[in-house]
K.L.:
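Dumping the structure here so I can ask a few things about it.
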Amino acid sequence: MTVVKPSIPKGTRDFTPTEMMRRNYIFDTIRSVFHKHAYLPIETPSMENLSTLMGKYGEEGDRLLFKILNSGDFTQGVDFDAPDASPNKLAARICEKGLRYDLTVPFARFVVQHQNDIAFPFKRYQMQPVWRADRPQKGRYREFYQCDADIIGSTSLLNEAELVEITDEIFRKFGISITMKINNRKVLSGIAEVIGQADKVTDLCTAMDKLDKVGQECVCQELLERGIPQESIEQLKPVFCFGGDNNDAKLEQLKQLLHTSEIGMKGVEELAAVLDYVKEMGLTTALEIDITLARGLNYYTGAIFEVKANDVAMGSISGGGRYDNLTGIFGLKNMSGVGISYGAERIYDVLNELNLFPDAILTPVKALFINFGKEDEKYALRGLRALRDAGIPSEIYPDSAKIGKQMNYANAKSVPYVIMAGENERLSNTYTLKNMNTGEQQQLPIEEITRMLL
RNA sequence: GCGGUUGUAGCUCAGUUGGUUAGAGUACCGGAUUGUGGUUCCGUGGGUCGUCGGUUCGAAUCCGACCUGCCGCCCCA
């Protein structure tokens with residue numbers, strides 16, 4: 001037999017028990033907040049038809065889609081040497097499925113497909129892995145989990161405000177201090193309109209998005225390269241230094257700039273309305289208008305959100321926005337939705353870096369029974385059952401190995417208590433409880449031990 | 001997809017101008033110690049030196065391609 005070197009695909013990871021317990025802490029915390037706000041769970045398949053996924057995420061997104069080779073003889077009827085055979089065309093012939101790229105597009109598909117069974121407005125949450133054929137880096141993987149909450153079938157800005165509230169609550173529970181940035185695609189459209197470049201919104205967005213990273217000069221340079229004329233860029237320049245930290249000042253400046261643009265003014269109104277709702281909620285999170293916030297996903301039409309951790313240098317840990325037409329592609333009109341997505345692995349890295357994981361999640365096993373061999377095993381089992389009946393996570397070492405080895409096992413697993421159940425204990429109908437941190441031990445009846453470990 | 005960088009035992013890393021049989025620490029397993037762990041001492045096992053090819057009498061070492069991790073770009077959670 002040839003030995004295969006163990007390895008996993010690029011950008012994927014195994015999770016150890018410690019990592020899983022921490023990940024579950026993240027998922028449980030987020031889920032509890034979703035539940036509290038009356039969101040209902042759904043799941044969708046890992047793979048979707050490529051026709052569902054293609055063209056929803058922009059050119060870059062299409063490139064990053066994982067495609068799945070058709071089963072069976074995928075070469076049948078495909079001419080690989082055809083004169084016009086491009087990789088894309090061939091891929092379309094031999095792959096009809098792909099791995100999901102996010103949770104929002106599959107959700108839109110789900111809503112259309114199950115529209116008769118859904119009570120609208122529909123509030124759902126979904127926590128599943130997504131896949132992107134991106135080049136991996138720190139905090140960037142090819143398989144990662146998103147935790148999404150969306151409201152679909154309502155245009156009320158109360159929904160935007162609720163997502164802000166949920167975000168505030170989730171990160172407060174984690175103990176992570178965040179800044180939440182908000183913008184509106186309509187504002188961006190308005191800006192493009194006002195500077196006479198209505199058809200260049202996307203170019204405008206991707207360039208402006210980099211303002212805080214590369215500075216004003218580079219952004220202007222990029223705008224120029226993207227074919228936006230110098231005089232339009234000059235008109236844009238005041239926007240770069242809007243308002244500082246003051247949301248009201250920013251709104252005022254936007255109103256002046258955009259008063260000739262209907263769509264722009266609509267965006268400003270929406271922004272103001274969301275901020276107004278949020279003011280009533282008494283949140284600890286700083287909510288900040290950021291005109292340069294654009295986000296790549298091209299299905300957003302209204303509000304856009306992004307969350308960054310204040311005390312850690314890392315990409316955004318959460319993002320979302322409103323989409324008006326996503327279900328339209330699947331044949332269902334007038335179904336506006338708004339949603340937000342929390343990135344599990346980035347939250348993990350932030351919690352890890354700031355040492356914010358609770359200690360309690362690391363010691364899931366409370367007690368280990370030492371195995372003294374056939375004679376005493378059954379006696380140990382009696383005690384074990386008593387602990388388990390009381391809901392105390394506990395186990396018995398399955399082999400009658402040397403005591404030292406069994407103790408080492410308890411240490412390696414950070415089990416805080418070891419229980420000796422050998423001949424001495426059996427004859428006196430007691431168990432010896434040993435505290436592995438202090439080394440203290442005492443011989444007690446099982447009821448007493450159960451009480452102590454609860 | 002583009003540019004840079006990295007890879008030696010399960011883990012952390014030595015390894016001289018290319019030279020015989022590639023080392024250490026740690027972990028593991030066994031023993032000192034058959035009812036007491038986190039300390040100590042002794043010993044065993046463990047390697048296609050990322051993979052494939054090239055140069056050479058001879059390659060962990062030099063060259064090329066690929067794979068993987070990391071960094072920057074693009075994009076993003």
Side-chain angles (χ1 to χ4, degrees), chain A residues 2-13 16 26 30 57-65 87 101-104 127-148 202 205-207 209-210 213-214 218 222 293-298 305-309 314-320 339-350 368-373 375-376 380 397 400-426 431-441 443:
Chain A
T2 54
V3 175
V4 177
K5 190 182 174 180
S7 67
I8 54 176
K10 184 201 281 220
T12 64
R13 295 149 301 154
T16 62
I26 292 172
I30 294 175
Y57 308 107
E59 204 178 310
E60 180 73 8
D62 281 355
R63 214 194 69 211
L64 298 179
L65 278 173
Y101 180 91
D102 72 355
L103 300 178
T104 307
M127 306 198 293
Q128 289 189 279
V130 302
W131 294 268
R132 295 181 190 178
D134 209 350
R135 180 169 287 207
Q137 279 177 36
K138 200 179 199 74
R140 170 182 286 196
Y141 307 95
R142 291 185 144 189
E143 178 184 61
F144 60 97
Y145 280 69
Q146 292 192 328
C147 309
D148 275 35
T202 311
C205 288
T206 34
D209 200 38
K210 292 170 196 159
K213 211 171 175 183
V214 300
C218 293
E222 183 167 346
L293 174 63
R295 296 183 56 78
L297 295 173
N298 61 11
F305 305 110
E306 192 159 284
V307 174
K308 287 198 171 183
M314 177 147 356
S316 60
I317 52 182
S318 175
I340 192 158
S341 178
Y342 303 91
E345 6 286 300
R346 288 196 178 169
I347 292 173
Y348 184 103
D349 289 344
V350 171
L368 172 80
F369 282 79
I370 300 292
N371 189 324
F372 284 91
E375 295 276 309
D376 303 306
Y397 197 87
S400 63
K402 286 195 303 183
I403 311 306
K405 188 174 169 153
Q406 300 191 42
M407 296 289 230
N408 271 333
Y409 178 78
N411 274 337
K413 274 181 90 165
S414 302
V415 179
Y417 293 97
V418 154
I419 295 171
M420 251 83 60
E423 194 179 11
N424 298 347
E425 288 81 4
R426 176 161 48 85
Y431 293 83
T432 299
L433 177 71
K434 182 183 176 85
N435 181 323
M436 292 299 275
N437 289 322
T438 63
E440 289 167 18
Q441 59 185 63
Q443 206 168 333

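Lettering of chains follows the sequences in order, A, B, ..., and the numbering in each one begins at 1. What you see is a predicted model, and the numbers here were worked out from it, not measured in a lab.
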K.L.:
Report which part of the nucleic acid A:Gly439 touches: base, sugar-phosphate, or nothing (heavy-atom distance under 4.0 Å, all strands).
P.N.:
base
K.L.:
Has the side chain of A:Asn411 got a donor or acceptor that lies under 3.5 Å from a partner of the other kind on the base of B:G37?
P.N.:
yes
K.L.:
Donor-acceptor pair under 3.5 Å: do we get one between A:Arg135's side chain and the base of B:G3?
P.N.:
yes
K.L.:
Could you check whether A:Arg13 pairs with A:Glu345 (Lys NZ or Arg NE/NH1/NH2 to Asp/Glu carboxylate O, under 4.0 Å)?
P.N.:
yes
K.L.:
Which part of the nucleic acid, if any, lies within contact of A:Ser341, taking any heavy atom under 4.0 Å across all strands shown: a base, the sugar-phosphate backbone alone, or nothing?
P.N.:
nothing
K.L.:
Mind checking if A:Gly373 touches a base, just sugar-phosphate, or nothing, with heavy atoms under 4.0 Å?
P.N.:
nothing
K.L.:
CD of A:Gln137 versus P of B:U68: gap in Å, rounded?
P.N.:
15 Å
K.L.:
Check nucleotides 39-43 of chain B against the protein and report each pair of N or O atoms closer than 3.5 Å, with its distance, or say if there are none.
P.N.:
none

K.L.:
Under the 5.5 Å and 30° test, is A:Phe144 stacked on the base of B:A77?
P.N.:
yes
K.L.:
Looking for any heavy atom pair under 4.0 Å, which part of the strands does A:Tyr409 touch: base, sugar-phosphate only, or nothing?
P.N.:
nothing
K.L.:
Counting side-chain heavy atoms from CB outward, which of B:G69, B:G30, B:A77 is closest to A:Lys10?
P.N.:
B:G69
K.L.:
Which part of the nucleic acid does A:Tyr141 contact within heavy-atom distance under 4.0 Å: base, sugar-phosphate only, or nothing?
P.N.:
base
K.L.:
Would you give the length of the straight line joining atom OH of A:Tyr101 to atom CG of A:Leu64, rounded to the nearest 0.5 angstrom?
P.N.:
5.0 Å
K.L.:
Please determine whether a side-chain nitrogen of the Lys or Arg among A:Asp134 and A:Arg140 lies less than 4.0 Å from a carboxylate oxygen of the Asp or Glu.
P.N.:
yes
K.L.:
Would you mind telling me which residue lines up with the more 5' stretch of RNA chain B, A:Ala133 or A:Glu345, judged by nearest nucleotide?
P.N.:
A:Ala133
K.L.:
Partners of A:Glu425 by salt bridge (Lys or Arg N to Asp or Glu O under 4.0 Å), sequence neighbours excluded?
P.N.:
none
K.L.:
What I want to check is whether an N or O donor and acceptor connect the side chain of A:Gln441 with the base of B:G37 at under 3.5 Å.
P.N.:
no
K.L.:
Would you indicate what A:Glu60 reaches in the nucleic acid, counting non-hydrogen atoms under 4.0 angstrom: base, sugar-phosphate, or nothing?
P.N.:
base
K.L.:
Identify, between A:Lys434 and A:Ile317, the residue whose nearest nucleotide on RNA chain B lies closer to the 5' end.
P.N.:
A:Lys434
K.L.:
Please classify the nucleic acid contact of A:Glu143 as base, sugar-phosphate, or nothing, using heavy-atom distances under 4.0 Å.
P.N.:
nothing
K.L.:
Choosing from B:G35, B:C75, B:A77, which nucleotide comes nearest the side chain of A:Ile403?
P.N.:
B:G35
K.L.:
Under a 3.5 Å cut-off for both contacts, is B:U26 paired Watson-Crick or G-U wobble with anything, and if yes, with which nucleotide?
P.N.:
B:G10
K.L.:
Passes ring-ring contact (aromatic ring centres under 6.0 Å, His included), A:Tyr409 versus A:Tyr397? Steps please.
P.N.:
CA-CA 9 Å; A:Tyr409 178 78; A:Tyr397 197 87; 5.2 Å; yes
K.L.:
Considering only heavy atoms and no angle criterion, is a donor-acceptor pair shorter than 3.5 Å present between the side chain of A:Gln406 and the base of B:U36?
P.N.:
no
